[in-house]
Amino acid sequence: MKLLVIGSGGREHALVWKLAQSPHASAIWCAPGNAGIAQERLAGSQTPVHCVNLSPEDLPGLLAFAREHQPALTVVGPDNPLALGIVDLFQQNGLRIWGPNRQAARFEASKAFAQEFMHRHGIPTARSASFDHPQAAADFAASLGGRCAVKADGLALGKGVLLCDSLPQARQAIDQILVHHAFGAAGARIVIQEYLEGMEISLHALCDGKTAALFPTSQDHKRAWDGDRGPNTGGMGACSPTPFLSEPDLVSAGRAILEPWLRGCAAEGIDFHGILYPGIMLTPAGPKVLEFNARFGDPETQAYLTRLDNDLIELLEASLEGTLNRLELKWRSWMSVCVVMASGGYPGNYSKGQPIQGLDEAARLPNTKVFHAGTAANGPHIVTQGGRVLGVTAWARDLSTARDAAYAAVDRIHFPGAHYRRDIGAKACQFWVNTPLYS
Ligand code: AMP
């Protein structure tokens with residue numbers, strides 16, 4: 001089976017790596033891919049994966065490529081092409097593609113839609129409302145005591161959320177988005193949410209329009225620096241599972257969120273085939289949804305796919321065909337940690353083209369996989385090409401050993417200005433140490 005994967009990050013490297021292990025795969029293209037993806041080979045035939053120089057937003061280019069090469073399945077990684085309607089476009093042209101269509105992708109592409117959907121269908125979330133007038137927005141922020149999250153409605157490269165501690169800050173955030181258009185058209189409307197306190201975790205569920213198969217828990221680390229300090233990033237590392245939600249609590253949280261979500265989708269005629277990834281705050285009043293994403297998380301995917309036992313092609317096929325109820329998700333008993341190595345300055349300005357040393361040495365370590373994100377080939381060398389450069393992932397029977405293995409690999413890799421967090425998974429390990437129930 002020939003496959004086309006769309007995207008260029010660590011998530012897509014993990015997807016390609018896992019798809020390449022399937023005996024069903026006969027060829028894989030990745031558009032545009034990265035230097036690590038270009039080094040992958042199909043496990044059976046050893047056929048190399050081919051990177052194709054097309055942007056994930058170049059829908060006409062991707063369609064022309066797919067028409068010419070006829071992949072049996074196209075797999076979409078990032079949110080932007082989904083929001084632009086790549087699934088609808090491919091389907092209209094008779095091409096099979098996995099991911100939510102444009103209407104279903106609105107769970108991520110419009111925070112106002114997602115929030116109103118949650119209120120309509122009784123899904124546990126923050127108190128919130130959406131606005132396009134600054135005064136009404138400020139009045140609502142005042143009713144929350146000023147402590148709130150002000151969010152641009154649309155996709156804003158992961159930067160459209162401003163957390164506020166006071167009413168003056170909230171007013172400033174509202175003006176920044178609605179009056180000064182800091183996020184352009186994505187901020188024509190805003191959502192204001194009450195500020196939720198607690199531990200943040202990620203859920204993922206593979207959906208086929210009728211069924212939602214819940215993954216184990218995972219946890220991203222959004223802030224740039226150790227101790228959850230510094231600016232928000234796309235994600236500096238992940239681990240799976242996390243101890244902060246026990247297995248029974250995961251099952252009941254899944255039920256509280258996914259059952260009304262599925263009923264709501266059916267009632268509103270939304271046919272969701274893909275990954276629903278709710279960001280969750282574990283509040284004293286129970287788990288609440290902060291936001292919905294409509295694709296695999298990055299870097300959660302790197303932690304998940306190194307634990308997944310199933311054939312990924314079979315899972316994606318079932319998600320597309322509506323036959324997920326015939327499959328069971330199977331997870332290996334080990335735990336995974338992914339440490340993101342980023343360019344100096346990220347998430348602000350950073351330089352590109354820095355040579356990366358030590359990748360071969362790291363690749364020889366057992367139970368370790370270095371997923372590439374922002375990398376490119378420059379002659380025989382691999383150089384930095386983006387903010388998040390590598391997702392160094394390792395797995396072991398327990399999280400503490402997995403962390404040690406991931407950092408042992410990180411210690412072998414060098415590039416000028418590299419920065420990474422030293423505490424990925426540390427809180428989870430600490431929790432396990434202090435809570436023998438989970439050990
Ligand atoms: P989002 O893109 O909506 O997940 O927001 C980005 C980050 O902002 C989240 O990962 C949280 O850390 C934080 N955040 C978002 N909404 C809230 C909220 N209502 N209360 C507290 N923190 C929030």
*asked:* Before you tell me yes or no, could you show the steps for His181 and Ile177 under side-chain contact (heavy atoms from CB on, under 4.5 Å), namely the whole-Å CA-CA distance, both residues' side-chain angles and the distance that decides it to 0.1 Å?
replied: CA-CA 5 Å; His181 310 294; Ile177 306 181; over 6 Å; no
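- Taking the side chain as every heavy atom from C-beta outward, Leu163 and Val150 never approach each other to under 4.5 Å.
- Remark: Arg102 CZ is loosely packed, at most 12 non-hydrogen atoms of other residues, nucleotides or ligands lying under 6.0 Å away.
- Using a 30° and 60° split on the angle between ring planes, Tyr304 and Trp331 fall in the tilted class, from 30° to 60°.
- Formation of a donor-acceptor pair under 3.5 Å by the His381 side chain with backbone atoms of Pro355 is not found in this model.
- Listed for the Glu321 side chain is no donor-acceptor partner under 3.5 Å among the backbone atoms of Ala318.
- Note that CH2 of Trp17 is 13.5 Å distant from NE2 of His372, once rounded to the nearest 0.5 Å.
- Scanning all heavy atoms of the two residues, the minimum distance from Leu365 to Ala409 falls at CD1-CA, 3.6 Å.
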*asked:* Apply side-chain contact (heavy atoms from CB on, under 4.5 Å) to residues Lys151 and Ile190 and explain how you reach the verdict.
replied: CA-CA 5 Å; Lys151 306 185 175 189; Ile190 56 172; over 6 Å; no
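- A salt bridge does not link Glu314 with Arg326: none of the charged nitrogens is closer than 4.0 Å to a carboxylate oxygen.
- Remark: Ile275 CD1 to Leu206 CG distance equals 4.5 Å, nearest 0.5 Å.
- Checking Asn325 against Thr211 by side-chain atom types alone, no donor-acceptor pair falls below 3.5 Å.
- Side chain of Trp334 to main chain of Thr306: a donor-acceptor pair is present (N/O by atom type, distance under 3.5 Å, no hydrogens or angles).
- Within the 3.5 Å criterion, the main-chain N or O of Asp153 finds no donor-acceptor partner in the side chain of Arg189.
- Nearest approach of Phe183 to Ala152, heavy atoms of both residues: CD1-CB, 4.0 Å.
- Counting heavy atoms of neighbouring residues, nucleotides and ligands inside a 6.0 Å radius, atom NZ of Lys222 exceeds 12 of them.
- Between Met341 and Val392, the closest side-chain pair of non-hydrogen atoms falls below 4.5 Å.
- Between the side chains of Thr375 and Gln385, no donor-acceptor pair of N or O atoms lies under 3.5 Å.
- Using a 4.5 Å heavy-atom threshold, the side chains of Leu82 and Arg295 count as touching.
- Residue Asn349 places its CG atom among 12 or fewer non-hydrogen atoms of other residues, nucleotides or ligands, all under 6.0 Å distant.
- Taking 4.5 Å as the limit, some side-chain heavy atom of Asp298 sits within range of a side-chain heavy atom of Gln302.
- A donor-acceptor pair shorter than 3.5 Å can be found between the side chains of Ser22 and Asp311.
- Without hydrogens or angle criteria, Arg223 side chain to Arg229 main chain gives no donor-acceptor distance under 3.5 Å.
- For the pair Thr393 and Val370, the minimum side-chain heavy-atom distance is 4.5 Å or more.
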*Passes side-chain contact (heavy atoms from CB on, under 4.5 Å), Leu316 versus Ile313? Steps please.*
CA-CA 5 Å; Leu316 300 186; Ile313 295 185; 5.9 Å; no
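- A donor-acceptor contact under 3.5 angstrom links the side chains of Asp249 and Ser246, judged on distance only.
- Using a cut-off of 4.0 Å between Lys/Arg side-chain N and Asp/Glu carboxylate O, Lys427 and Asp228 are scored as salt-bridged.
- In this structure, CD on Glu194 lies 10.0 Å from CD on Glu197, to the nearest 0.5 angstrom.
- Nearest heavy-atom pair across Lys111 and Val191 is C-CG2, 3.7 Å.
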*Using the side-chain hydrogen bond (donor to acceptor under 3.5 Å, both in side chains) rule, take Asp404 and Thr401 through it: C-alpha gap first, then chi angles, then the decisive distance, then the call.*
CA-CA 5 Å; Asp404 290 347; Thr401 312; 5.6 Å; no
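- Side chain of Ser202 to backbone of Gly279: no donor-acceptor contact under 3.5 angstrom is found.
- With Arg307 as the partner, the side chain to side chain donor-acceptor pair (under 3.5 Å) test is satisfied by one option alone out of Ser240, Ser336, Ser333: Ser240.
- Using a 4.0 Å cut-off between charged nitrogen and carboxylate oxygen, Lys369 and Glu40 count as a salt-bridge pair.
- A donor-acceptor pair is defined here as one N or O able to donate and one able to accept, closer than 3.5 Å; no such pair exists between the side chain of Tyr346 and the backbone of Thr233.
- Asn293 and Glu291 share a side-chain donor-acceptor pair at under 3.5 Å.
- Phe113 places none of its side-chain heavy atoms less than 4.5 Å from the side chain of Gln103.
- Aromatic ring pairs are classed by plane angle as parallel below 30°, tilted from 30° to 60° and perpendicular above 60°; the pair Trp261 and Phe292 is tilted.
- Annotation: side chain of Thr74 is not in contact with side chain of Leu3 (no heavy-atom distance under 4.5 Å).
- With hydrogens and angles disregarded, a donor-acceptor distance shorter than 3.5 Å links the side chain of Thr217 to the backbone of Thr242.
- Between Trp98 and Phe296, the angle of the ring planes lies from 30° to 60°, which puts this pair in the tilted group.
- Classification of the Phe215-His204 ring pair by plane angle, with boundaries at 30° and 60°, yields parallel.
- Between Asp79 and Arg106, none of the side-chain N atoms (NZ, or NE/NH1/NH2) sits under 4.0 Å from a carboxylate O, so this pair counts as no salt bridge.
- Taking the six-membered ring where the residue is Trp, His69 and Trp29 present tilted rings, their angle falling between 30° and 60°.
- Looking at Arg403, its side chain does come within 3.5 Å of a backbone N or O of Arg422 through a donor-acceptor pair.
- Of the N and O atoms on the side chains of Tyr277 and Glu300, at least one donor lies less than 3.5 Å from an acceptor on the other residue.
- Remark: the backbone N or O of Pro299 is not paired with any side-chain donor or acceptor of Asp220 at under 3.5 angstrom.
- Nearest heavy-atom pair across Pro81 and Glu57 is CD-OE2, 4.4 Å.
- The pair Asp165-Arg147 counts as a salt bridge, with a side-chain nitrogen and a carboxylate oxygen less than 4.0 angstrom apart.
- With rounding to the nearest 0.5 angstrom, the CG atom of Leu258 is 7.5 Å from the CG atom of Leu203.
- With a 4.5 Å cut-off on side-chain heavy atoms, Met335 and Trp432 count as touching.
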*Decide yes or no on side-chain contact (heavy atoms from CB on, under 4.5 Å) for Leu308 and Leu315, but give the supporting numbers first.*
CA-CA 11 Å; Leu308 181 69; Leu315 289 188; 3.9 Å; yes
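- One finds the CD1 atom of Ile257 at 9.5 Å from the OG atom of Ser252 (value rounded to the nearest 0.5 Å).
- Separation of atoms CZ (Arg96) and CZ (Phe90) is listed at 13.5 Å; rounding is to 0.5 Å.
- Nearest heavy atom pair, residue Arg11 against residue Thr301, reads CG-OG1, 3.8 Å.
- Of all heavy-atom pairs between Ser8 and Asn34, the closest is O-ND2, 3.0 Å.
- For the residue pair Gln115 / Gln193, a side-chain donor-acceptor distance below 3.5 Å is found, with atom types taken as modelled.
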